[in-house]
Structures are given as structure tokens and as C-alpha cells.
Amino acid sequence: MASAAGSSNVMLAIHEKKTTPTDLYRPLRLYVASAYSEREAAAADDDLSAVRDLRAEVEQPSLPDPSSLEQRRDALLAYARALALVEPRFPISPDRAHVHSLTFTWHDAFKGNKKCALGSIHLEKAAVLFNLGAVDSQIALAADRSTDVGIRTACGAFQSAAGAFAWLRESGVAAKAVAAGATTVDITPECAGMLEKLMLAQAQECFFEKVIAGGKPPALCSKVARQVGIFYEEAYAALSAPPLSQHFDRTWVSHVQLKAAQFYADACYRYSLDLHEKEEIAEEIARLKIGMSALADAKKAAKGVAAQLMDSVNKLESNMKINLERAMKENDRVYLMRVPAAGSLGALPAASLVKPTSLAEVLDASKERLFSSLVPDGSMKALSKYTEMVDNIIRIQAEKLQQASEITRVRLKEMDLPDSILSLEGSITLPVDLKEDVEAVQISGGPAGLESELQQLRDLRRVNQELLVQTEELLQKEANEDAQFRTQFGSRWTRPQSSTLTKNIQDRLNLFAANLKKAADSDSLIERGVKENYPLMSILDKRPIESALPSISRPIMSLDGNEDAIVGALKQSLRQLESLGAQRAGLEDMLKEMKRKDDILPKLMAGVGSHDDLFKKEISKYDSICAEIADNIVAQEQLLLQIQAQNEQFATVFNLEDYKAARERCYKQIAAAVAKYREIKKNINEGLNFYVTLQEAIGKIKQQCSDFIMTRNIQCREMIEDVQRKLAGFNFSSSSHSSMQRNASVLPDQSSPPPPHAQAPYAAAPGVDSRPGYSQPEPRPAYSQPTTVSRHILDGVGRTTTPINSNRGHILSHLTMPQGLTLPTRATTIGLNERWSYCRRCCDYFICFFSIGYHRRVYIIWCTAYEMGGVISGWLDSILYDLCV
């Protein structure tokens with residue numbers, strides 16, 4: 001304890017608690033490595049070193065000069081914030097799972113021979129807070145109170161000291177330290193409370209010195225002095241009660257007791273001066289006697305107090321005695337007033353001008369970055385709880401906002417607003433869904449575009465009919481040729497009749513024809529529907545569609561001419577309602593933005609106060625927005641009532657009922673037109689899809705018919721040649737040639753065009769060279785033997801030409817084989833030039849064979865496809881080659 005005297009008053013300062021060096025780094029790092037991981041421990045090395053350095057700085061004794069005291073105060077605050085971050089992350093206790101090898105040792109500030117060694121962070125926090133208050137009191141005591149700056153510095157520092165001791169008591173740090181086993185009295189809640197009152201008394205005393213130096217009125221000085229005395233009295237009461245009554249030195253207690261009596265007496269003295277000016281001599285005498293009595297009692301008990309304090313008390317007592325004698329003389333000679341008893345007087349008024357400075361801001365560790373990567377489960381659970389609280393607030397408020405907006409929408413729709421106002425101004429709109437339907441119709445061409453789609457139906461129907469007729473003509477022509485040869489050859493013409501082979505194809509063609517007839521009938525119905533419903537659908541061609549809607553017209557006759565005023569008032573109310581809606585949207589955005597920025601995890605990790613208190617404080621941030629939302633909803637409800645009344649007046653003046661009826665009829669007409677258009681459009685699309693599908697099916701049937709006719713033609717040639725061989729007795733050298741001449745009228749003309757086919761013919765017209773390197777065959781003379789033993793291509797007259805390259809050939813495959821024929825196993829495709837040499841992807845191969853002499857076979861190969869050019873109809877010229885087996 002230290003004391004100093006200013007101009008007349010003596011004040012006290014508190015010595016710091018002393019400690020022994022303690023290494024925080026190693027125990028804390030071991031815990032991080034075991035509870036988290038070695039990687040986390042390595043990452044926390046810098047933070048652990050920083051805490052160790054802060055503790056080492058606190059361990060050093062402070063110097064008495066003001067600048068050193070300020071640095072000391074900053075070091076204590078930094079270490080206190082670090083402890084706030086250490087506490088939730090590092091459980092310090094004898095438990096083996098905790099930081100169990102760490103012990104803090106602190107000596108009692110008032111009895112240095114007593115100390116406490118405890119493995120509890122609460123002892124460390126309590127000692128640091130105590131020292132913070134002690135340093136503040138030393139800063140105040142070092143200030144020069146003879147100057148205005150000095151007195152302000154001293155007053156502020158005493159209030160900060162009071163704040164430190166108040167925080168030690170109110171935050172529960174002192175109680176937790178005692179509960180953990182702290183045995184020194186200086187950090188008990190009772191001692192913290194006593195020191196808080198003592199520091200407040202000395203801060204108020206600084207104000208008293210200031211008002212006295214400033215020559216303030218006696219009444220004000222009395223109030224300030226009385227509050228100084230009250231603070232000293234409260235401190236003395238705490239010193240007189242356990243556990244402090246036997247702990248502090250007697251001179252220290254005497255100082256506080258005498259100070260309490262001094263300022264009570266000084267308050268009586270200043271109050272009596274004011275009474276004297278008011279000529280209330282009787283009460284003046286009573287107040288002076290009471291004050292002097294208090295001083296006398298305190299002086300008797302005061303032992304060992306500072307001489308300056310005793311001089312100040314004696315001086316005050318002398319002044320009061322002089323004034324008392326003067327007042328009694330005046331009362332005896334002039335006023336003759338009865339002096340009231342002390343018990344009948346009221347308490348002296350007091351004015352408190354000081355309070356403990358809150359340490360919440362300077363001890364707030366939420367902005368510190370120490371151990372930010374270490375988040376224990378307890379803090380995460382607390383954060384989750386707070387987040388749920390915030391989410392609940394936002395959800396409730398968002399529901400209120402949405403409900404208010406929905407109420408506005410429904411009420412305005414019931415009143416047909418703002419559509420009726422827009423209709424009056426010519427800005428008519430369709431309902432959104434109906435407008436979208438109309439726009440879709442207009443984009444697709446509208447009723448006016450249906451005629452072009454009907455024409456597409458007609459064109460596709462005609463194309464299908466033509467394809468069907470062409471296919472039937474192909475089959476009929478083949479049937480006629482078959483009948484002609486059957487008549488010519490009689491029983492020797494043994495192949496099946498065309499009608500038996502084409503029955504399935506003919507049935508399908510008949511089915512297609514029937515479908516075409518039904519489709520034509522459906523097309524007629526569609527065309528009739530378009531014609532009959534076009535007057536209804538024509539409304540959809542209007543652009544914009546709103547031009548077809550009725551509008552509100554002003555009344556023809558007006559009695560008072562206030563239509564414009566009615567409309568203007570209603571529009572103004574609607575604008576106000578729109579503003580309220582925009583305000584609600586802004587409030588909802590503010591709530592979401594506030595939640596996005598609301599991060600209390602650092603505050604939770606700082607461990608200042610209880611979580612519930614922190615939650616209550618932080619959640620209060622949303623109160624202002626919630627109040628604004630409530631005000632907005634109330635204002636909207638009142639405005640809707642006003643709009644309802646204005647709209648009723650508007651509806652009466654402008655006859656809205658007739659307008660609504662006409663508008664509903666127009667809406668129904670447009671909806672019916674859209675429905676009819678969609679129905680017709682759907683039918684047309686179905687018709688187009690039908691004709692496209694049918695055209696593809698008829699095309700396939702036509703191709704099958706062409707293939708069938710090609711096969712039948714091959715069979716026809718084979719049967720003719722077979723009949724000729726039988727008639728000639730199989731004499732190939734002479735009879736075959738004459739037989740061919742005799743039956744020239746029977747065989748089809750070799751130079752005539754090929755049978756009809758859906759594809760372009762392979763062969764060119766007679767006399768035209770259709771491909772490079774390809775020449776028409778010359779008339780065939782008698783066959784001559786080849787001159788080589790290997791395979792050769794033979795031309796039409798039996799001459800040997802180009803040798804066959806076996807690498808260019810491949811075994812023929814086929815899709816369709818005439819009945820009774822077989823595929824030669826060693827047949828090789830040979831062309832007459834490079835373009836025809838490779839036939840790897842031929843669609844159809846038709847192979848016929850007959851004997852030449854007794855040693856060789858000649859193969860005639862027709863191909864309907866080739867690799868490079870796709871499918872080509874027609875016949876290739878006969879290719880003769882010798883197998884030379």
C-alpha cells in the first residue's frame with residue numbers, strides 16, 4: 001500500500017501481487033500434441049511462444065515512473081486477453097487428460113509472506129486482474145492533482161482501477177479462484193468489492209478537489225463530499241467484516257475510517273454554509289454539531305494515520321467550530337430558533353460523479369488471433385446454439401414479411417388493383433398465364449399460319465399417294481410379264497406365280513391405301529374445323545393482344561367533377577403501399593446480411609462472461625430490425641384499409657362492375673381461342689407425323705418390291721436359258737448359239753433399260769461410256785479355251801485379259817439368293833477397272849452358274865451395291881472368269 005498527499009488530501013494506491021516464474025510453453029504444447037495432433041502443435045508454436053513471453057513480462061517488477069506504469073498496464077491487458085483465449089482451449093487441472101503439470105504461484109498483496117500455488121487458470125486470471133487494478137491506482141497516485149490535467153488523469157485512473165476490481169468480482173473470476181483452492185484473501189470477492197469502493201471514493205474525491213478549486217456553490221460541494229464519504233463508509237464496512245477484518249493493517253483501516261468521517265463532516269460543513277445563506281440558522285447549528293461529533297469519534301479511533309490527513313481533519317474541525325460559534329451567537333441574539341434534534345434531520349443529499357470503468361472492451365479477445373486454429377467442441381456447440389437462435393429469429397421475421405406481402409397481393413387482387421387504374425390509363429394487361437399462352441400461339445404462327453400447315457398436309461398426302469401408285473405399278477408390271485412367259489412356255493414355266501409371292505406386300509399396300517383414305521377424311525375435318533373456328537381464333541392474331549381488351553371510360557356526366565381527385569388519391573396510396581413492400585424487401589436483405597457478418601466465435605473463444613449473457617447481448621442486435629418489421633406490417637394494414645375505402649369510391653364513380661363483366665368475357669374468349677387453336681394445331685401435327693411415317697414405310701415397301709422384281713428377273717433369265725438348253729440337247733458349242741437366236745424374241749432385249757428401281761441405274765444407256773475404263777461388251781463369238789493355267793478375267797468373246805490378283809478378291813456373301821441356287825465357295829469378285837475391284841459392302845449378290853464344257857464353270861455375278869458409290873440399280877455386265885481348279 002502506498003499513499004500520497006496532494007494539496008490537502010492523502011490517497012492510497014495498491015501494490016501488485018508478486019509471482020514466481022512459470023513456463024507455459026512446454027505443458028501447453030504437450031497438451032496440443034496429445035489432444036489435437038503434432039501438426040497442430042507445430043502450427044501453434046508461435047502462439048505458445050507469444051503467451052510465454054507475455055507471462056515473462058508480467059513476472060518482471062514494475063517501475064514507479066508513469067511511462068513504465070502505462071507499459072505495465074498494457075502488458076497486463078495483453079496477458080489477460082491471452083488467458084481468455086487459453087482458458088477454453090487448455091483445461092488446466094490435476095486431471096491427467098488436462099494440462100496437469102502447470103502450477104501458478106502468487107503472493108498476497110497485503111501480506112507478502114502468504115502465497116498460493118495452484119494449477120488453475122482462475123487463480124492466474126484473478127491475480128492479473130488484481131494487478132491491473134493495482135497499476136491503475138498507482139497511475140492515479142502518480143498524477144499531479146494540482147493541475148487540471150493531473151486531476152483528470154487521477155480521476156480516470158481511479159475509475160479504471162475500480163473497474164478492474166469490479167470485473168474481478170462481477171465476472172465470477174474471484175469466486176472461481178476461491179472455489180479452485182485459492183487461499184489468499186486479496187483475490188476474494190469481498191476484498192475486490194472493498195477495493196472497488198475505495199477506488200471510487202478516491203475518484204469522487206478528485207471531483208471534490210476540482211469543485212472546491214473551481215469555487216462551486218456550497219450545496220454542490222456538499223453533495224460531492226457526501227458521496228465521497230458514502231464510498232469510504234462502504235469500504236470501511238467491508239474492512240470491518242470477515243474475512244478482511246483481520247487481514248489488513250490497522251493504520252490502513254484507520255485511514256479509511258477517518259476519511260469517511262472527514263467527508264461526512266465536510267458535507268455537513270458545506271451544507272451549513274448554504275443554510276447560513278438561506279438564514280436557516282437552527283438547522284445550520286444542528287448540521288455543524290453532527291459533523292464535529294463524527295470527526296471527534298473518528299479521531300479517537302484513528303491510529304497511525306498520515307500526518308497530512310490529520311492536519312486536514314484538524315483544519316476542517318477548526319473551521320466548523322468557528323462557524324458553529326458564530327451561528328449560535330446569531331441565533332441567540334437575532335433568530336431565537338429552536339435547534340432540531342439530530343434524529344429529526346433528513347439525510348444529506350449526495351451526487352455520484354464516478355463509476356467503475358468497464359473492462360469489457362479492453363479485455364475483449366475476440367479480435368486476437370492466438371490459437372485461432374484450435375476450436376474445442378464446447379465452443380462449437382455454443383456457436384451452433386447461437387446460430388440456431390439467429391436462424392429462428394430470421395425465419396420468424398421472414399415469415400412475417402412473406403405473410404405481409406401475400407396479404408397485400410390477395411387484398412389488391414380482390415379489389416382489382418392496380419389493373420383497374422392501368423385500364424383507365426390505357427395500360428391494359430392480361431393475366432400472366434393467359435398472356436404467356438397467347439404469346440406462345442403467336443410465336444408458333446397464330447391462326448393465320450394454319451393455312452400453310454394445312455397445305456403441308458395436302459402435299460404430303462399427295463406424295464404418299466403417288467409413291468403408293470408407283471409401287472403398285474411395279475408389282476403389276478412384274479405380274480404381267482410373269483403371266484406372259486407362263487402363257488408362252490406353259491408347263492415348262494415352273495416358278496411360283498407373282499400373286500402368291502406378293503400377297504403380304506399387296507396386303508400392306510392395301511392397308512396403306514386404307515390409312516391414306518382415313519387420313520384424307522381426318523384432313524377434311526381439320527380444314528372444316530379451321531374454317532368454322534377462325535372467327536373465334538382470329539382474336540389471337542391481334543398484336544398486341546391487349547388491344548382486344550375493353551377499357552374503363554370516364555363517366556359521361558359528372559356531378560362534382562372530382563374523378564381526378566379520387567384517382568389521384570388512390571394512386572398515391574398504391575405508391576405508398578409499394579414503398580412499404582420495397583422496405584420489407586430491404587429489411588429482409590438487412591437481416592440476411594447481418595447474419596452473414598455475425599461471427600461470435602472469437603467472442604466465444606475469448607471466454608469473457610457466460611455464454612447466455614453473451615447470447616443475450618449479441619442477439620439484441622436484431623431487435624431494431626424486428627421492430628422496423630413490426631412497424632412496417634402495422635403501417636401496411638392501416639394503408640390497406642385506406643385503399644379499400646378509396647377503391648369503393650373509385651368503383652362507384654367509374655362503374656367498375658360493367659367493366660369487370662366485359663373484361664371477364666374477353667378473357668374467356670381468348671382462353672377458348674387458345675384452347676381451340678391448340679386442339680387444331682395438335683391434330684395438324686399428328687397428321688404431319690403420320691404422313692412422314694407413312695412415306696418412310698411406303699418407301700421401304702417400294703424398295704422391297706424393286707428387290708423382289710430384280711430377283712424375279714434373274715429367275716426369268718435362268719429359266720429361259722434352262723429351257724433353251726433342254727431344247728437344244730445341252731449342245732453348248734453350236735446349239736446354244738442357235739437356240740439363243742431362235743428365242744431372241746423371247747429373251748428381253750439386252751440393250752433395253754433395266755427394270756424399274758428406286759435408285760439410279762448402274763449401267764449407262766447403250767453406246768454411252770458411263771465409267772472410265774469401262775467398255776460395252778462386243779458380240780460374243782464361240783467360246784475358246786483360256787491359254788493360261790492361273791485365274792484370268794475373260795472378256796465377252798472369250799479372250800484372256802488381265803490376270804486376277806487374289807489379294808483383291810473376297811468370298812461373296814449375299815442377302816437374297818434365288819431359289820434353288822447355291823453360292824460358290826471360291827467365287828471372287830472381279831471388276832473391269834479399279835473402281836469396281838472391291839465390293840466389300842455389297843447389299844445383294846445374285847449368283848447363277850452353268851457348265852461350260854466338262855472342266856470349267858462360268859459364274860455370272862450381279863451386284864446392286866459398291867463401296868464408293870452407294871446403292872445403284874441396274875445390272876452389271878456379265879463377268880466371266882475361269883476358276884482354273
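Values reported hereafter were calculated over all heavy atoms of this structure, with side chains retained and with hydrogens, waters and symmetry mates removed.
For Arg145 and Thr153, the side-chain atoms include no donor-acceptor pair closer than 3.5 Å. For the residue pair Asp108/His247, the side-chain donor-acceptor check at 3.5 Å is satisfied.
Identified under the side-chain hydrogen bond (donor to acceptor under 3.5 Å, both in side chains) test for residues 224-235, with sequence neighbours left out: Lys197-Glu234, Glu205-Tyr232, Arg226-Glu233. The ring-ring contact (aromatic ring centres under 6.0 Å, His included) contacts involving residues 182-226 comprise Phe208-Phe263, where partners must be two or more places apart or lie in separate chains.
From Met320, atom CE reaches atom CG of Leu288 across 5.0 Å, with rounding to the nearest 0.5 Å. To the nearest 0.5 Å, atom OG of residue Ser222 and atom CZ of residue Arg270 are 9.0 Å apart. Considering CE of Met310 and CG of Leu258, their distance stands at 5.5 Å, rounded to 0.5 Å. In this structure, CD in Glu209 is found 10.0 Å from OG in Ser146, a value given to the nearest 0.5 Å. Remark: Ser137 OG to Met199 CE distance equals 5.0 Å, nearest 0.5 Å.
Within 6.0 Å of atom NZ in Lys299, more than 12 heavy atoms from other residues, nucleotides or ligands are found, so the atom counts as buried in its surroundings. Few gaps surround NZ on Lys111; more than 12 heavy atoms of other groups in view lie less than 6.0 Å from it.
Using a 4.0 Å cut-off between charged side-chain N and carboxylate O, Lys321 and Glu317 make no salt bridge. A salt bridge links Lys17 with Asp186; the closest basic N to acidic carboxylate O contact falls under 4.0 Å.
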Checklist line | Evaluation steps, side-chain contact (heavy atoms from CB on, under 4.5 Å), between Ile121 and Phe90 | finding: CA-CA 9 Å; Ile121 198 170; Phe90 301 94; over 6 Å; no

Checklist line | Phe248 vs Val256, side-chain contact (heavy atoms from CB on, under 4.5 Å): CA-CA, chis, key distance, verdict | finding: CA-CA 11 Å; Phe248 286 87; Val256 175; over 6 Å; no

Next item on the list: Give the C-alpha distance, both sets of side-chain angles, the deciding distance and a yes or no for side-chain contact (heavy atoms from CB on, under 4.5 Å) between Phe165 and Cys191.
Entry: CA-CA 9 Å; Phe165 293 122; Cys191 186; over 6 Å; no

Next item on the list: Could you check Leu48 against Leu24 for side-chain contact (heavy atoms from CB on, under 4.5 Å), going step by step and ending with a plain yes or no?
Entry: CA-CA 8 Å; Leu48 293 171; Leu24 297 179; over 6 Å; no

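In this structure, Asp598 and Lys621 approach most closely via the heavy-atom pair OD1-NZ, 3.3 Å. Closest of all the heavy-atom pairs between Ala365 and Leu85 is O-CD2, 3.7 Å. The shortest heavy-atom contact between Val185 and Thr188 is O-OG1, 2.7 Å. Nearest heavy atoms, His107 versus Gly112: ND1-O, 3.2 Å. Nearest heavy atoms, Ile187 versus Ala177: CD1-CB, 4.2 Å. Considering all non-hydrogen atoms of both residues, Ile139 and Leu69 come closest at CG1-CB, 3.6 Å.
In this structure a side-chain-to-backbone donor-acceptor pair under 3.5 Å is present from Ser358 to Ala360. Here the side chain of Arg55 pairs no donor or acceptor atom with the backbone of Tyr25 at under 3.5 angstrom. Looking at Asp136, its side chain never comes within 3.5 Å of a backbone N or O of Phe158 through a donor-acceptor pair. Of the possible donor and acceptor atoms, one in the side chain of Gln202 sits under 3.5 Å from a partner among the backbone N and O of Leu12. At distances below 3.5 Å, at least one donor-acceptor pair connects side-chain atoms of Ser254 with backbone N or O atoms of Arg250. Counting only distance, with no hydrogens or angles, the side chain of His100 and the backbone of His98 share a donor-acceptor pair below 3.5 Å. Listed for the Gln204 side chain is a donor-acceptor partner under 3.5 Å among the backbone atoms of Leu353. Remark: the backbone N or O of Tyr236 is paired with a side-chain donor or acceptor of Ser240 at under 3.5 angstrom. With hydrogens and angles ignored, the 3.5 Å screen pairs a side-chain donor or acceptor of Gln159 with a backbone N or O of Lys355. Panel note: side chain Gln257, backbone Ala302; no donor-acceptor pair is recorded below 3.5 Å.
Using a 4.5 Å heavy-atom cutoff, the side chains of Trp106 and Thr184 are not in contact. In this structure, the side chains of Leu30 and Arg26 come closer than 4.5 Å at one or more pairs of heavy atoms. Between Asn131 and Thr19 the shortest side-chain heavy-atom distance does not fall below 4.5 Å. You'll find the side chain of Tyr386 reaches within 4.5 Å of the side chain of Ile619, heavy atoms only. Counting only heavy atoms from C-beta outward, the side chains of Phe231 and Leu198 never approach each other to under 4.5 Å. A heavy-atom distance below 4.5 Å is found between the side chains of Leu76 and Glu16. In this structure the side chain of Leu359 reaches within 4.5 angstrom of the side chain of Leu132, judged on heavy atoms. Thr251 has its side chain out of reach of Val305: every pair of non-hydrogen atoms, C-beta onward, lies at least 4.5 Å apart.
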Only distances under 3.5 Å count here; give the side-chain donor-acceptor pairs of residues 339-352 to other protein atoms, sequence neighbours excluded, each with its distance to 0.1 Å.
residue	atom	partner	partner atom	Å
Ser344	OG	Ala341	N	3.4
Ser344	OG	Ala341	O	2.6
Ser352	OG	Val354	O	3.2

